[in-house]
Amino acid sequence: GYVQGTVSGRELPATDVCVTASGAHATQAAYVSAKGTFRIGGLPPGEYAVTFQDEELVAHEPLMVSVTAGRTTTIEHQLIDLGQDVPAAR
């Protein structure tokens, strides 16, 4: 099966985001395209945690998805805070 979707964020281009689908029997990763889309294929059926990680190695909250053989699971427009400035400690 496949997992696909779109990602957008602020500050950094979406192409700096790595998307990983991790399940009991497989882990696959892909970078987001210049259009903000991604597609991960070759996944056996099952439950997967889809994680979005930016260039600063900040992993965002994973999404749980079900993958079915021969089907595509689409994650609708995923908005993540990319390159969010962290306020300085006072």
Side-chain angles (χ1 to χ4, degrees):
Y2 298 88
V3 174
Q4 70 180 18
T6 57
V7 174
S8 66
R10 57 186 192 85
E11 303 295 326
L12 298 173
T15 55
D16 291 335
V17 177
C18 180
V19 183
T20 306
S22 299
H25 301 292
T27 297
Q28 298 281 351
Y31 279 93
V32 175
S33 75
K35 292 182 178 183
T37 61
F38 67 91
R39 183 171 171 92
I40 301 172
L43 298 171
E47 297 293 316
Y48 289 84
V50 179
T51 305
F52 301 85
Q53 187 172 32
D54 66 28
E55 72 172 3
E56 296 179 9
L57 303 180
V58 175
H60 300 271
E61 190 69 28
L63 297 173
M64 296 304 296
V65 299
S66 293
V67 173
T68 304
R71 302 270 182 179
T72 299
T73 300
T74 300
I75 297 173
E76 297 297 332
H77 194 74
Q78 180 66 28
L79 177 65
I80 57 177
D81 268 342
L82 301 174
Q84 183 175 8
D85 292 333
V86 178
R90 293 184 184 210

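All values below come from the heavy atoms of this structure, side chains included, with hydrogens, waters and symmetry mates left out.
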| query | Would you say Val3 and Phe38 make side-chain contact, with heavy atoms under 4.5 Å? | reply | yes
| task | Scan residues 42-52 for pairs that pass side chain to side chain donor-acceptor pair (under 3.5 Å), counting only residues two or more places apart or in two chains. | result | Glu47-Ser66
| query | Listed by chain and number, what are the side chain to side chain contact (heavy atoms under 4.5 Å, CB included) partners of Thr27, not counting sequence neighbours? | reply | Thr20, Ser22
| Can you find a pair of side-chain heavy atoms, one from Val50 and one from Val19, that are under 4.5 Å apart? | yes
| query | Closest heavy-atom contact between Gly41 and Gln28? | reply | O-CG, 3.8 Å
| message | Any non-hydrogen side-chain atom of Val65 less than 4.5 Å from a side-chain atom of Ile75? | response | yes
| request: Answer with yes or no whether the side chains of Thr72 and Gln4 bring together a donor and an acceptor at under 3.5 Å. | output: no
| said: So Tyr31 and Val17, do their side chains get closer than 4.5 Å, heavy atoms only? | reply: no
| Which heavy atom in Val67 sits nearest to a heavy atom in Pro44, and how many Å separate them? | CG1-O, 4.1 Å
| request: Please confirm whether Arg71 makes a cation-pi placement over Tyr2, using NZ or CZ under 6.0 Å from the six-membered ring centre and within 45° of the ring normal. | output: no
